[in-house]
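None of these values were measured; they are calculated from a predicted model. Numbering of ligands and ligand atoms starts at 1, following listing order.
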Amino acid sequence: MQKVVVIGGGGHAKVVIDSLQNMNVYEIVGFTSAFGDQESLCGVKNIGDDTVIQTLVGQEVTGFIIAIGSNELRKKLFNKCLSSGLHPINAIHPTATISPYASIGKGVMVAASAVINPYAIISDNAIINTNASVDHDCIIDSHVHIAPGVTLTGSVRVKEGAFLGAKCTVVPQKSIGEWAKVGAGATVLQDVAPYSTVVGTPAKIIKQKDDI
Ligand SMILES: CC(=O)SCCNC(=O)CCNC(=O)[C@H](O)C(C)(C)COP(=O)(O)OP(=O)(O)OC[C@H]1O[C@@H](n2cnc3c(N)ncnc32)[C@H](O)[C@@H]1OP(=O)(O)O
């Protein structure tokens with residue numbers, strides 16, 4: 001079995017480890033944690049903070065996945081692991097339904113009961129969380145987090161680093177800008193500007209790029 005490391009030791013890491021264990025195709029050598037508070041998660045040991053990444057390459061570890069919900073931090077650590085010579089692996093829970101006509105990038109997490117329909121494109125280091133639905137022709141860029149229960153209808157575009165909160169819905173052909181945030185339960189009827197935050201039904205802007 002290919003030896004892999006899970007980067008991150010919080011709640012999301014538990015879900016990623018559980019998915020990897022269900023896949024039964026990788027040997028997980030450990031997880032890293034910035035805080036060192038947990039000795040083990042789901043039977044997998046804590047092997048230290050992110051400074052161990054460089055040392056793993058010489059220990060026959062070839063694969064990694066970043067198991068951190070924050071899109072900014074997940075992007076940073078993804079690039080760090082790539083430059084260390086490790087290769088991103090996917091954690092796809094066996095109960096996820098992924099069309100053979102969909103495209104899935106590298107370092108992607110697809111959680112239990114998520115659905116990815118034909119001609120959807122999921123880019124590197126994205127999270128499609130529990131029971132989320134990504135419909136036909138959606139394009140999800142890198143470092144995006146689609147939270148549990150989100151519904152993306154047909155041909156939605158989600159740009160780099162955007163975060164879509166739990167159970168929000170986006171109507172067809174709308175675009176969520178780079179690093180934008182959509183609140184839990186929102187209904188998005190219009191394009192969302194980059195770096196903005198929208199909430200509610202219909203979704204309205206509460207924060208814009210200049211507010212940050
Ligand atoms: C497995 C997992 O756990 S995966 C993680 C899933 N996590 C989520 O789904 C979290 C989703 N996050 C949210 O909905 C957040 O509230 C965000 C990102 C939209 C906004 O967060 P912040 O920028 O910190 O906003 P803040 O908390 O300051 O709220 C600003 C205002 O918007 C309102 N607001 C915030 N979120 C929402 C929402 N989802 N729906 C309606 N109103 C909201 C607040 O009540 C507040 O209103 P007020 O100014 O009248 O008091």
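Ligand 1 lies out of reach of Gly185, whose nearest heavy atom is not under 4.0 Å from it.
Contact record, Gln54 with Ser84: OE1-OG, 3.3 Å, taken as the closest heavy-atom pair. For Leu41 against Gly10, the heavy-atom pair with the smallest separation is CD1-O, 4.2 Å. Taking each heavy atom of Val44 and Gln21 in turn, the nearest pair found is CG2-NE2, 3.7 Å.
In terms of modelled atom types and a separation under 3.5 Å, the side chain of Arg74 and the main chain of Ile66 share no donor-acceptor contact. Looking at Ser19, its side chain never comes within 3.5 Å of a backbone N or O of Ala111 through a donor-acceptor pair. Between the side chain of Thr97 and the backbone N or O of Val115 there is no donor-acceptor pair closer than 3.5 Å.
When heavy-atom distances to ligand 1 are checked against a 4.0 Å cut-off, Lys207 comes that close only through its side chain, counted from C-beta outward. Of the heavy atoms in Ala186, none comes closer than 4.0 Å to ligand 1.
Note that atom 3 (O) of ligand 1 has no protein non-hydrogen atoms nearby, at separations under 4.0 angstrom. Of the protein's heavy atoms, at least one falls inside 4.0 Å of atom 9 (O) of ligand 1. For atom 49 (O) of ligand 1, no protein heavy-atom neighbour is present inside the 4.0 Å cut-off. At least one protein heavy atom sits closer than 4.0 Å to atom 23 (O) of ligand 1. Shown here, atom 28 (O) of ligand 1 is in close reach of the protein: a heavy atom of it lies under 4.0 Å off. When distances from atom 43 (C) of ligand 1 to the protein are checked, a heavy atom turns up under 4.0 Å. Within a 4.0 Å radius of atom 37 (C) of ligand 1, the protein contributes at least one heavy atom.
At the top of the distance list for atom 12 (N) of ligand 1, counting protein heavy atoms only, stands Phe163 CE2, 4.1 Å. Shortest contact from atom 14 (O) of ligand 1 to any protein heavy atom: Ala184 N, 2.9 Å. The protein heavy atom nearest to atom 32 (O) of ligand 1 is Ile206 CD1, 3.4 Å. Atom 18 (C) of ligand 1 has its closest protein heavy atom at Lys181 CD, 4.2 Å. Given atom 20 (C) of ligand 1, the protein heavy atom at minimum distance is Thr197 CG2, 4.1 Å.
Using modelled atom types, one finds a donor on one side chain and an acceptor on the other under 3.5 Å when comparing Thr201 with Thr187. Counting only N and O atoms by type, the side chains of His143 and Asn125 include a donor and acceptor under 3.5 Å apart. With 3.5 Å as the limit, one finds a donor-acceptor pair spanning the side chains of Gln2 and Thr62.
The shortest N or O to N or O distance between Ala166 and ligand 1 is below 3.5 Å.
Of all atoms in ligand 1, numbered sequentially from 1 with element shown, those under 4.0 Å from a heavy atom of Pro148 are 1 (C), 4 (S). The ligand atoms of ligand 1 that sit less than 4.0 angstrom from a heavy atom of Gly183 are 14 (O), 19 (C), 39 (N). Close approach of ligand 1 to Val199 (heavy-atom distance below 4.0 Å) involves ligand atoms 19 (C), 36 (N), 37 (C), 38 (C), 40 (N), 41 (C), 42 (N), 43 (C).
Taking all heavy atoms of Gly149, Ala203, Gly69, Ala147 into account, the minimum distance to atom 6 (C) of ligand 1 is reached by Ala147.
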Please walk me through it: do Asp135 and Ile116 pass side-chain contact (heavy atoms from CB on, under 4.5 Å)? CA-CA 6 Å; Asp135 226 296; Ile116 299 175; over 6 Å; no
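For an aromatic pair to be called close, the ring centres must be under 6.0 Å apart, and Tyr119 with His136 fails this.
The structure places CD of Gln173 at 10.0 Å from CG of Asp191, a figure rounded to the nearest 0.5 Å.
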